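Structure first, commentary second.
Both ligands and their constituent atoms are indexed starting at 1 by order of listing. Source: prediction; values computed, not measured.
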Amino acid sequence: MNEIKENIQKIKRQIAQAAETRIQTQMPSSNNRPNSITLLAVSKTKPSSAVEQAYQAGQRDFGENYVQEAIEKITTLSHLPHLCWHFIGPIQSNKTKQIAQHFNWVHSVDRAKIAQRLNAHLNTANQSNECQDTSLNICLQVNISEEASKSGIMVEDLFSLAEVVDNCDKLTLRGLMAIPEKNAGEASYKKMQHLFNQLQAQYPTVDTLSMGMSNDLAMAIKHGSTMVRVGTAIFGARA
Ligand SMILES: *Cc1c(COP(=O)(O)O)cnc(C)c1O
């Protein structure tokens with residue numbers, strides 16, 4: 001068995017374990033809509049051969065941060081059915097057209113202008129992606145640790161951005177994304193879970209809390225994550 005396949009199986013066991021403790025510890029009130037947990041394999045800086053190995057191990061969802069690099073892989077691997085591509089990096093507005101054309105999900109929307117541009121491009125573009133009909137799945141990135149240097153919208157502006165996205169006809173508001181800072185305490189994760197529950201109560205399309213990476217997967221799942229974005233633990237350290 002190759003290493004990538006072994007790593008994926010190991011992560012899946014960790015996810016299942018963390019999910020069990022979540023079910024045991026969760027308050028009934030916050031468990032009114034139990035969610036499964038999707039593994040998003042973050043393949044940035046890794047070659048398409050690595051993505052293909054993961055695909056052969058059954059992995060279908062992949063996350064990328066850099067538009068040009070991602071499009072090369074998406075094109076190279078377009079013969080593989082049911083691949084689903086997620087854009088998770090910071091977004092420059094001059095890249096929105098390419099992102100709208102090539103990706104199925106965007107996790108890093110943090111301002112209205114970006115949402116509106118993605119939507120406008122979808123209204124003119126021909127979508128040929130397999131795992132979506134015509135709409136682009138959107139998560140709003142929250143700057144939960146309130147770091148000046150980090151991308152993400154501040155909590156006080158989150159719900160007005162949600163409304164903007166919900167009003168875009170080609171965008172489907174799926175949920176929230178966060179990258180809690182390295183030594184963030186449990187409070188940041190709790191806060192995200194609370195915001196997610198609030199958003200879910202307002203919008204029936206919301207079902208995704210994109211939170212947790214190689215090093216904080218268990219903590220994120222404990223606090224309601226439905227999608228973990230794992231790079232290093234699957235593909236190894238990045239150069
Ligand atoms: C790189 C990256 C990841 C993966 O991080 P690892 O620590 O390698 O698992 C997840 N999410 C985002 C937004 C990233 O940029």
For each nitrogen or oxygen atom of ligand 1, which protein N/O atoms lie closer than 3.5 Å, and how far apart are they, rounded to 0.1 Å?
unit_1: ligand 1; atom_1: 8 (O); unit_2: Thr232; atom_2: N; d: 2.8
unit_1: ligand 1; atom_1: 8 (O); unit_2: Thr232; atom_2: OG1; d: 2.5
unit_1: ligand 1; atom_1: 8 (O); unit_2: Arg238; atom_2: NH1; d: 2.8
unit_1: ligand 1; atom_1: 8 (O); unit_2: Arg238; atom_2: NH2; d: 3.1
unit_1: ligand 1; atom_1: 9 (O); unit_2: Ser214; atom_2: N; d: 3.0
unit_1: ligand 1; atom_1: 9 (O); unit_2: Ser214; atom_2: OG; d: 2.5
unit_1: ligand 1; atom_1: 9 (O); unit_2: Gly231; atom_2: N; d: 2.8
unit_1: ligand 1; atom_1: 11 (N); unit_2: Arg229; atom_2: NE; d: 2.8
unit_1: ligand 1; atom_1: 15 (O); unit_2: Lys44; atom_2: NZ; d: 2.7
unit_1: ligand 1; atom_1: 15 (O); unit_2: Asn65; atom_2: ND2; d: 2.8

Under 3.5 Å, is there a donor on one side chain and an acceptor on the other for Asn119 and Asp169? yes
Identify the residue among Leu209, Ile15, Leu217 that makes a side chain to side chain contact (heavy atoms under 4.5 Å, CB included) with Ile37. Ile15
Taking atom types as modelled and ignoring hydrogens, do the side chains of Arg174 and Thr205 form a donor-acceptor contact shorter than 3.5 angstrom? no
Quick one: list whatever passes ring pair (Phe, Tyr, Trp, His ring centres under 6.0 Å) with Tyr189, sequence neighbours left out. none
For Glu186, the salt bridge (charged side-chain N to carboxylate O under 4.0 Å, His left out) test, sequence neighbours excluded, returns Lys222
Please identify each residue that fulfils ring pair (Phe, Tyr, Trp, His ring centres under 6.0 Å) with Phe62, with sequence neighbours left out. Trp85
